[in-house]
Amino acid sequence: MDSSELYHVKQQFVLGAYKTLVDLTLPDPNSPDFLPILIYQARSHIALNNPKAALQLVPADSENVALKAVATLAKFVAAEGTADKEALLEELRDLSVEIEGDDVEGTDRDKATVRVLAGTAFARAGELEEALETLGADTEDPEAVAVIVQIYLSINRPDLAKKEYERSKRWAEDDLLLQLIESLIGLATGKDGYHNPYTFYTEQLGNPSLSSPHVLTARGVTRILRNEFPEAQSDLQESLEQYKDDAEALAASAVASGLSSTKKGETDANELWARLTSEYPDHPSVVDLSKKSALFDEAMAKYTVPPLATATA
Amino acid sequence: MSVMLTKFESKSNRVKGLAFHPTQPLLAAGLHNGSIQLWNYRMGVLVDRFEEHEGTRALLVSGGDDYKIKVWDIRPQNRRCLFTLHGHLDYLRTTQFHHEMPWIISCSDDQTIRIWNSTSRNCIAVLTGHSHYVMSAFFHPKDDLVVSASMDQTVRVWDISGLRKGSPNSGPGNFETFDTFSTVKYVLEGHDRGVNYATFHPTLPLILSAADDRTIKIWRMSETKAWEVDSCRGHFNNVSAAIFHPKHELIVSCGEDKTVRVWDLAKRTAIQTFRREHDRFWDLAAHPNLNLFAAGHDSGLIVFKLERERPAFAVHQNTLYYIRDKYVRSYDFETASDLGLLSVRKFGSPYVPPRTLSFNPAENAVIVTISSDNGMYELTTLPKPSSAQGGELKDSSVDGKRGSGMSAIFVARNRFAVLNKTTQLIEVRDTSNSVVKTIKPPVQTNEIFYGGTACLILSSTATVVLYDIQQQKTLAEINSPPVKYVMWNADSSLVALMSKHTITIANRNFSQHSLIHETIRIKSGAWDDAGVFIYSTLNHVKYCLYQGDHGVICTLDNPVYLTRVKGKTIHCLDRSARPRTITFDPTEYRFKLALLKNNYEEMLYIIKTSTLLGQSIIAYLQQKGYPEIALHFVQDINTRFELAIECGNLDVALETAESIDRPDCWERLAQQALKQGNHKIVEKAYQKTKNFDKLSFLYLATGSTDKLSKMQKIADARGNPMSRFHNALYAGDVMSRISVLRDVGMYPLAYLTAKSHGLEELAEEILEAAGLSPADVDDVPSFGKSSRKPPPVINPTTDFIWPSLSTGENFFDRALASGSLENGIEPTYVNGDAAAGSLAALDDWAKDEEVHEEIDPEEGGWELDAGAEFSASHEVHEEVDEEEEELGAGATPGISEIEHWVKNSPLAADHVAAGSFDTAMQLLNRQLGVVNFEPLKPLFLSIYRSSHTYISPVASLPPLQLHIRRNPSESSLSRVLPVAARSLQSIRSEFADGARDVAGNRLVNAQATFRSVLRALLVVVLTSDEEAKQWRDMVTSTREYLLGVSIELERRRVAQEEPDNLERNLELAAYFTHCQLQPVHLQIALRSAITVFGKANNSAHAARFAKRLLELKPDAKIAATARQRVAAGERNPRNAVEISYDEFTSFEICAASFTAIYKGSPSVQCPYTNATFQPQYKGSLDPLTELTEIGASASGLPAPW
């Protein structure tokens, strides 16, 4: 049983309240919660795409495997060149092997964290197979399940995702993370008109012990999927008001206004999109769109345009 | 039936007679010792006692062993025995009033039953026939019948309809005449021993009898006969009374075997037995309307209920879900529509009503609990409202999921918690009723309630615990008596925890709470929209503010169960679970709430708009430390003065003091003013009370010397030397001091004073006056020169007032002073009127919608309907291969949703949304002959980006791409389709913009807009024939406008660049008038043509255009010029310039060369817009749309619906 503080930290991490976690004051270093909370905090930094802050947080000389994994992931996220990245991936591979042995410093929880972080890094690098392997097909760590499920969903295998989820239901008690996974699968498959994710996020918004703009964003996205565009827009706007540097909310907001089928919506969408493109050139939707733009040009080239019919012709 | 709820018990002598008051909570009990007790059973107090009989059995009207019947007035102010009826010859057994006639029936050991007229106080009938003591005799509740029971082992039914007719001879003692109209109708024989009690069923033709043979018999009667139906056996001693349950099919009986028993009327089986150790039961009474019974026994009486009355209910938004008669029903608070939804008849014991109901909006399901069978719950989904109408209601046993547990509630959209009280375990179950989690509660838990997201409220014997399910730990604990009901407010920020006599209002994490104690039982409660808790006790509706203030709203005759409070209406369920409303005035608590929140606007608003505010609210304000607010709405002068003093408002105090003008007021005013340093008011108050001493001292203190001297004069006038002396002293006026001393004959002092002030001459004078010489006073020691005088005035305080208390204007002063009283400052939010605010918001919203749809009235006729719904005709059911694939590393990527999109739709728009641009282009090319895709690029990209969204649920993983569908309720991948980014609707508004540009002569803009419209129309998602038709109409109109605008632009170019080419100019002007435009725009074209042709002196043509213009019925002014033009044309029907324009042969206009293609001439078409071209343009790019190849073959749009 986790202590109340650690429980809350975990809950916030799961629900994407990274900002809150980053601003959290760490407990006393001698407290048993210190390390796990530190790890969550560092991971929050990484999730906010601020790996440098994470590195500062992690003591360089730590022997704890989980800490090492966090540091490596942070470096990996920060790394630019493929060679660097490959080296760091190698480090994570070593760590994943290392934890199989008995003589490492770290609890079971730390080991699970190592797997999750390594899996995350592999997934980021596109090594999905390796990621799944590292996480293990028989894992009993809900966090690992979450990563696995997302990987399955990203390769359009909701059937496998569902299976993994059903399997985890057997051992995981009604965990918050599990509910998140369930709603995630709902988002990807559109089961029952996105009813489940919608109620899940609505419920979490009413949770007294946390407030996370991420949940608002998630509900906004869900509402977009439910074709409730004005409502979605209001959620997303609120989310952006709470935390304006959320690329995801911004992107979703652009989508929602673009679909509101009013003139104003269209203009707003273009503005928001321009903002997204300039502020977050790395956001997948931006990257994707530029790819599509190239694709368009390519496809267009197949057609020859005849001369314009004019009176003089 | 596991409950017999004792409401009240008394200790007394043996109770042999009982009667309920039909409307008031009163119960009369006849005691064996002859006294009658009148109890208020709700409050549990003895209201009155009547002692004149010797041995009493029946009441209100009472009969005694003294052979007398007495009628009592029970009203407390004039309680007395009204009259006594004499006639019976032996002990009386029962007496009863008739329900409508002024009749009293009595029966006696003299073997007779008598009916008396209570107004004439005569015996009007004597029913004879019983051959032993008559033990009971009662009127039928409706018919003219009497049923009696006798020791002669019979039950008799008498017909007394004769009594109503004709006036019987009321002469006393004339027995013979009575028999003629009161006859025995039936004699019911069957009991083996004497019968103690017989009574009619309130509605059915049934009779119940209780006898010394230990049985209860049920008899049925028809018009002609009566017969025994069945017997209830079980009492093991004499049965003293048996009655029908007034509402349910139950019988209640009691007997000398010290039991009260409940029987099922239909099955004649015992349901429940209530035993008492030492007391034999003698009488039983049922309340006519309520579920209440009273039983009299050897040492007192008990009042009891047979079942809980509190209906199970739950409120969700505007709907109340509740259970009545074992049916789950829904009640809409706004429309008051009340629908049966679900039968729960087969759930649990048929005699026990369900205890609680928990509703889950996400699943549209309910959990019902019942206390029978040691507690059970049942989870059922509610049928859709539509299916509930007509036919049988769904029965919960069909798909209900059951289990045992004392209380069960939903804790999340797909989880519910069940408490098992005996094992003390809470199980969290999912909607398929399987346990997902088991919790061991930290305290002995009697009941569980919803505690907010992922939390439970556990009710224990002395505490309530807020418990986190996920974390399995106690978040907070409050001491409280056992909590019975929990109510959350609308935004779940406050919760009311109700127990029998207390209410705890807590915030959502229990960190703050306040407690209210009630002496009367608390029944229910509901939150007002403004966050005030309204609750009901047995006899009151009350309110309670979050900080604990509470007060009465109204009184209740009968308890109600509040369900919802909205504005001035309380919605509630009454004891028989019927929805009711109570209208009340929430002003008082709203005012208090506003006060609490310092919301002065609202307070002011309330003050102005309501007639609130008696003494109590003033007292409240005073008590709460807001006398200055109370001051603003008090008229009574005395109260105003009190309040003004209290809040230090001296102006008001002075004003009121003047009108009261009583010394004590002035004194208090003076005190208060002194405190504030307002010496002017102090002065005034002292003057008023003629308090000269204080006044003088005040002048001294303020340094007001001239006033002091005035005071001296006043003192002089008053002839008060003491005062004179004082004033003289204060004023430092030695002369007058001396003169005072001299006046009163105190020469020595006067002398010394003069002397010590160096006034030798005066001293001499005094000596002289005293008849002494200086030598006589030699022995007086000489004093130094006195400098006694008042301290000098440093500040001229006289003219100033010390601002020791801020007299700044408060909100009310300003508001009241600014004269805004009339229109008032509308508060932003007043509960109850809030609807107005939200309506306004809605209006705004609706306005947006309107604007959105609005097309310039001039361009009317575009109100095409885009309402048709999409219906998928793809009924191909794709079986998804369920291959048993190993989870893990070997997973191969599946088919992306966007690929399904491409597969599922033949529409280019859907392919664009899927990002499959090349297939989209192929489709457009094939369907509409589009070849130039360059202009479509922004459109394609914006549609694509609007069809996908991203979310990153797991930290640091790349976000997951999600695909937005236009049919979100569809989950089969073979039917999903992308969202429609462009709708006809939005394009229509763009078209309207273009049309406005035409009217506003912004032709270049218009041309661009129309082109954009045509581009957008390429990627519209169509879902029905209707829409396809609209689409085609739209394409055609846009083409015509675009053509017209292009022609006009060309004409202007010609006029500009080739001014000599008048011919062409005229031609183009003429062609423009042949584009199919809306009349209003056609007018523009025609007027322009008229002008151009007129200038060119082509009056015949101009006249033709003018005639066409007139056909369009333009404005009067335009029509006038047109008529002139027509007239001119008739005068001079000639054309100066020859042009190739033949309006009488039908023609199309080539959209490239802008020349006429007369009917029958060869032409080619644009595959998209069907614009016509001269044949030589085949194969070139359409200059109108700049998209398609002229003359290319095209298949047209598919119709996938």
Side-chain angles (χ1 to χ4, degrees), chain A residues 7 43 46-47 120 123-124 129 132-133 137 146-147 150 152-157 160 163-164 173-174 176 180 184 187 189-191 193-194 199 203 206-208 218 221 224-227 248 251-252 255 258-259 261-262 284-285 289 292-293 295-296 299-300 303 305-311, chain B residues 362 412-413 428 436-437 452-453 470-471 492 508-509 852 887-889 891 893-896 915 917-918 921 931-934 937 940-942 944-946 949-960 962 964-965 968-969 971 979 981 983 985-986 989 1152-1153 1177 1179-1181 1183 1189-1190:
Chain A
Y7 172 83
R43 289 175 66 186
I46 303 175
T120 307
R124 275 184 85 106
E129 211 165 305
L132 290 173
E133 202 172 338
V147 177
Q150 193 180 333
Y152 281 145
L153 291 178
S154 72
I155 57 169
N156 303 308
R157 291 305 299 265
L160 295 181
K163 230 179 259 178
E164 183 69 36
E173 281 224 315
D174 203 29
L176 179 70
L180 179 92
L184 182 57
L187 280 182
T189 57
K191 189 166 164 283
Y194 305 98
T199 45
E203 207 170 291
N207 194 330
V221 168
I224 292 179
L225 292 174
R226 285 161 66 93
N227 288 7
E248 212 157 274
V255 171
L259 288 173
S261 78
T262 56
S285 58
L289 198 74
K292 288 292 170 193
S293 167
L295 181 72
F296 184 94
M300 192 180 72
Y303 300 87
V305 182
L308 195 69
T310 51
Chain B
R413 73 205 178 284
V428 178
V436 293
K437 190 175 220 164
T453 301
Q470 286 284 347
Q471 218 175 331
S492 296
R508 74 173 176 185
N509 47 21
H852 174 74
L887 294 177
I895 303 165
S896 158
F917 292 162
D918 51 346
M921 287 179 191
V931 284
N932 184 16
F933 290 97
E934 181 75 55
K937 186 171 177 180
F940 271 41
L941 289 180
S942 91
Y944 175 74
R945 79 170 194 235
S946 291
T949 181
Y950 288 82
I951 188 163
S952 28
V954 179
S956 301
L957 276 185
L960 198 61
L962 298 170
I964 308 167
R965 299 170 185 170
S969 52
S971 58
V979 69
S983 63
Q985 186 90 13
S986 62
S989 71
S1153 61
Y1177 295 119
S1180 348
L1181 190 65
E1189 180 184 327
I1190 296 165

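The chains referred to below are lettered A, B, ... by the order of the sequence lines, with proteins before strands, and numbering in each begins at 1. Hydrogens, waters and symmetry mates play no part in the numbers below; they use all other heavy atoms, side chains included.
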Could you tell me which portion of [X] (side chain, backbone, both or neither) has an atom closer than 4.5 angstrom to a non-hydrogen atom of chain A?
X       : answer
B:S492  : neither
B:S942  : neither
B:V979  : side chain
B:F940  : side chain
B:I1190 : side chain

Q: Evaluate side chain to side chain contact (heavy atoms under 4.5 Å, CB included) for A:R124 paired with B:S956, printing each intermediate quantity in order.
A: CA-CA 8 Å; A:R124 275 184 85 106; B:S956 301; 4.1 Å; yes
Q.
If the condition is side-chain contact (heavy atoms from CB on, under 4.5 Å), which residues does B:S1180 pass it with, not counting sequence neighbours?
A. A:A309, B:Y1177
Is the shortest heavy-atom distance from the side chain of [X] to the side chain of [Y] under 4.5 Å?
X      : Y      : result
B:V931 : A:P306 : yes
A:E248 : B:I951 : yes
B:I895 : A:N156 : no

Has [X] got a side-chain atom pairing as donor or acceptor with [Y]'s backbone, closer than 3.5 angstrom?
X      : Y      : answer
A:Q150 : B:P958 : yes
B:R945 : A:S285 : no
A:N227 : B:P968 : no
A:E203 : B:A412 : no

Q | Inter-residue atom distance B:T949.OG1 - A:I224.CD1, 0.5 Å rounding | A |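 Reported value, rounded in 0.5 Å steps: 4.5 Å.
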Q | Rounded distance (nearest 0.5 Å) linking atom CG of B:D918 with atom CG of A:L295 | A |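 Reported to 0.5 Å precision, the distance equals 6.0 Å.
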Q. Does the pair A:Y7 and B:Q470 meet the rule for a side chain to side chain contact (heavy atoms under 4.5 Å, CB included), with working shown?
A. CA-CA 9 Å; A:Y7 172 83; B:Q470 286 284 347; 2.6 Å; yes
Q.
Quick check for you: among A:A218, A:A252, A:A47, which has the greatest number of heavy-atom pairs under 4.5 Å with chain B?
A.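 Among A:A218, A:A252, A:A47, the one with the most close pairs to chain B is A:A47.
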Indicate the atoms forming the closest heavy-atom contact of [X] with [Y], along with that distance.
X      : Y      : answer
A:M300 : B:F933 : CG-CB, 3.7 Å
A:L259 : B:S946 : CD1-O, 3.3 Å
A:L180 : B:P953 : CD2-O, 4.2 Å
A:G190 : B:R965 : CA-NH1, 3.5 Å

Q | Interchain contact, A:T189 with chain B, by part (heavy-atom threshold 4.5 Å) | A | backbone
Q.
Is A:L184 close to chain B through its backbone or its side chain, or both, or neither, when contacts mean heavy atoms under 4.5 Å?
A. side chain
Q.
Which residues pass the side chain to side chain donor-acceptor pair (under 3.5 Å) test with A:Y303, not counting sequence neighbours?
A. none
